[in-house]
Amino acid sequence: MLSVAEAQARALALAPKMPVVELDAAAAAGRYLASDLHARRTQPPADLSAMDGYAIVGDGPWTVIGESRAGAPFGSALIDGQAVRISTGAHMPAGADRVLIQENAERTGDHLRCTEDMPGRGKHVRTCGFDFSEGDLVLGAGSRIGAAQVALAITAGHSTLPVHEAPLVAVIDSGDELSVTPEDCAPHQIPASNGAMLTTLLARMGCRVERIGPVPDDRQALVDAFASAERADFVITSGGASVGDHDLIRPALEEWGASLDFWKVAMKPGKPLLIAQRENQLIFGLPGNPVSSFVTAFLFVLPSVRAAMGAAETLPRLVTLKAGCSLPAGGSRQEFIRGSWDGLSVTPADSQDSSALAALAASNCLIARGIDASPISAGEAVECYLLENG
Ligand SMILES: Nc1nc2c(c(=O)[nH]1)N[C@H]1C(S)=C(S)[C@@H](COP(=O)(O)OP(=O)(O)OC[C@H]3O[C@@H](n4cnc5c(N)ncnc54)[C@H](O)[C@@H]3O)O[C@H]1N2
Ligand code: MOO
């Protein structure tokens, strides 16, 4: 059985590489930069006022000889004893090196004096290029593009950004017991929830998702389902990954022409996870239990999708939190305990069954417990993954 780290390394190494496209900066939000981004301009492009008031030269009093507004700079240089009215973001006129804010000024006609302590040299002035200068590296390849990065790229002179295309992901529900209509679910059935759950996780990352199934527990039906996913970059199944007589994912994958990379990981939940490949397609066979599907998607599928999209940081980040209660020793598989973090400490959910959806939905983190980890007492540190869960 592979360790979680070994299986993650395989999931990242086998991720298909998506082609690069150029998107409008705002449309690139949620993607990852395909190459380093350098500034095409300097910001600020000149010394600017940071406040509304007066650009001044000398110790005062001053004569106000004009105005510098954002978008309409004052044209000439000031000499000692002169001031111009200035607004936030306006160019500092030549000769002026500080701003007297209007709250500290008294103006009578063109006559201006300071009513408080004099501003020091450079006060309330944003110097040319303090944010970045033309040619500076502003965002590295693999950076995630969010709202702040969109604004930075545009300010650096880029209306479009090179990003990797979002993968097409085929999500296949499989199992004879699955019903597509939750309102009309016979006693021998359960609603097919995994496909919708996985689609939610993938769509949040910008993937295009194609839903297939539910496919019955029939080898040929599964092979046909795989064949219909021929165009997908990733194929994700849930269910039928284990050892039962009706767990047909592995044989169906082989018949379709995919080759198994690994099956089974030393983790709980999620042990029967498998990965296979067919040409450039990467296939994840997730265990059917809903919590196992969620945890393996979080730890393997989403990182692999990030790798395909060119992310510099692919694996979820571990954070150290304080345990709200004692935790027993770890077992022979790495364990991912569903828990709640209230801002002070983290507490495991009551049910750790791998089908317990109510406990999963009430959780906002996974407590990661290593193989044979020592028991810990309340108040001690535990490593956790924070979940964007709801
Ligand atoms: N003898 C053994 N039995 C099992 C083992 C084992 O090692 N030896 N492993 C167990 C573990 S761990 C897991 S996890 C499950 C995984 O089994 P499968 O991946 O084969 O999943 P299924 O048997 O098809 O289904 C399990 C469970 O999940 C429900 N399910 C399946 N698909 C969906 C879906 N799309 N939406 C909602 N729920 C779904 C299904 O109805 C079952 O209740 O195997 C253990 N058994
Ligand atoms: O490992 Mo299974 O995923 O416990 O339910």
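Heads up: numbering here begins at 1 and tracks the sequence. Only heavy atoms go into these numbers, but all of them, side chains included; no hydrogens, no water, no symmetry mates. We count ligands from 1, going down the list as the structure has it; atoms in each ligand are counted the same way.
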N/O to N/O below 3.5 Å, does that happen between [X] and ligand 1?
{"X": "Ala241", "answer": "yes"}
{"X": "Gly240", "answer": "yes"}
{"X": "Asp247", "answer": "yes"}
{"X": "Asn289", "answer": "yes"}
{"X": "Ser354", "answer": "no"}

Please answer whether the main-chain N or O of [Y] pairs with a side-chain N or O of [X] as donor and acceptor at a distance below 3.5 Å.
{"X": "Asp47", "Y": "Cys128", "answer": "yes"}
{"X": "Ser68", "Y": "His91", "answer": "yes"}
{"X": "Asp342", "Y": "Ser345", "answer": "yes"}
{"X": "Arg369", "Y": "Ser374", "answer": "yes"}
{"X": "Arg85", "Y": "Gly53", "answer": "yes"}
{"X": "Ser304", "Y": "Phe300", "answer": "no"}

Any [X] heavy atom less than 4.0 Å from ligand 1:
{"X": "Pro191", "answer": "yes"}
{"X": "Gly175", "answer": "no"}
{"X": "Pro269", "answer": "no"}
{"X": "Gly213", "answer": "no"}

Part of [X] within contact of ligand 1 (heavy atoms, under 4.0 Å):
{"X": "Pro272", "answer": "side chain"}
{"X": "Pro214", "answer": "neither"}
{"X": "Ser174", "answer": "backbone"}

Notebook entry, point to check: Does Arg113 make a cation-pi contact with Trp62 (under 6.0 Å, within 45 degrees of the axis)?
Noted result: no

Check: Are Ile249 and Phe294 joined in one hydrophobic group, where the rule is that I, L, V, M, F, W and Y side chains link up if heavy atoms are under 4.5 Å apart?
Finding: no

Rounded to the nearest 0.5 Å, how far apart are [atom1] of [X] and [atom2] of [Y]?
{"X": "Thr314", "Y": "Met309", "atom1": "OG1", "atom2": "CE", "value": "13.0 Å"}
{"X": "Ser174", "Y": "Leu248", "atom1": "OG", "atom2": "CG", "value": "8.5 Å"}
{"X": "Leu360", "Y": "Asp353", "atom1": "CG", "atom2": "CG", "value": "12.0 Å"}
{"X": "Asp36", "Y": "Leu139", "atom1": "CG", "atom2": "CG", "value": "9.5 Å"}
{"X": "Arg333", "Y": "Lys264", "atom1": "CZ", "atom2": "NZ", "value": "10.0 Å"}

At less than 4.0 angstrom from any non-hydrogen atom of [X], what atoms of ligand 2 do you find?
{"X": "Asn289", "answer": "5 (O)"}
{"X": "Ser354", "answer": "4 (O), 5 (O)"}
{"X": "Ser292", "answer": "2 (Mo), 3 (O), 5 (O)"}
{"X": "Arg333", "answer": "1 (O)"}
{"X": "Gly270", "answer": "1 (O), 2 (Mo), 3 (O)"}
{"X": "Pro269", "answer": "1 (O), 3 (O), 4 (O)"}
{"X": "Lys271", "answer": "1 (O), 3 (O)"}

Considering only protein heavy atoms, which is closest to [atom], and at what distance to one decimal place?
{"atom": "atom 17 (O) of ligand 1", "value": "Ser242 CB, 3.3 Å"}
{"atom": "atom 7 (O) of ligand 1", "value": "Lys271 NZ, 2.9 Å"}
{"atom": "atom 37 (C) of ligand 1", "value": "Ser193 OG, 3.3 Å"}
{"atom": "atom 30 (N) of ligand 1", "value": "Gly288 O, 3.3 Å"}
{"atom": "atom 33 (C) of ligand 1", "value": "Asn194 ND2, 3.2 Å"}
{"atom": "atom 1 (N) of ligand 1", "value": "Val243 CG2, 3.7 Å"}
{"atom": "atom 38 (N) of ligand 1", "value": "Ile190 CD1, 3.3 Å"}
{"atom": "atom 40 (C) of ligand 1", "value": "Glu177 OE2, 3.0 Å"}

If the cut-off is 4.0 Å to any non-hydrogen atom of [X], which atoms of ligand 1 fall inside it?
{"X": "Gly239", "answer": "19 (O), 21 (O), 24 (O)"}
{"X": "Ala192", "answer": "36 (N)"}
{"X": "Ser292", "answer": "14 (S)"}
{"X": "Asp173", "answer": "34 (C), 35 (N)"}

Item checked: For the student: nearest non-hydrogen atoms of Asp233 and Pro16, plus distance -> O-CG, 3.8 Å

Item checked: For Val171, the option from Leu201, Ile212, Leu202 that meets side-chain contact (heavy atoms from CB on, under 4.5 Å) -> Leu202

Next item on the list: Ignoring hydrogens and angles, state whether a donor on the side chain of Arg10 or Gln8 is under 3.5 Å from an acceptor on the partner side chain.
Entry: no

Next item on the list: Would you please say whether a donor-acceptor pair under 3.5 Å links the side chains of Glu22 and Thr160?
Entry: yes

Note to self: Tell me the contacting part of Glu335 for ligand 2: side chain, backbone, both, or neither, using a 4.0 Å heavy-atom threshold, strictly below.
What the structure shows: neither

Next item on the list: On the 0 to 90° scale, with breaks at 30° and 60°, tag the Phe298-Tyr385 ring pair as parallel, tilted or perpendicular.
Entry: perpendicular

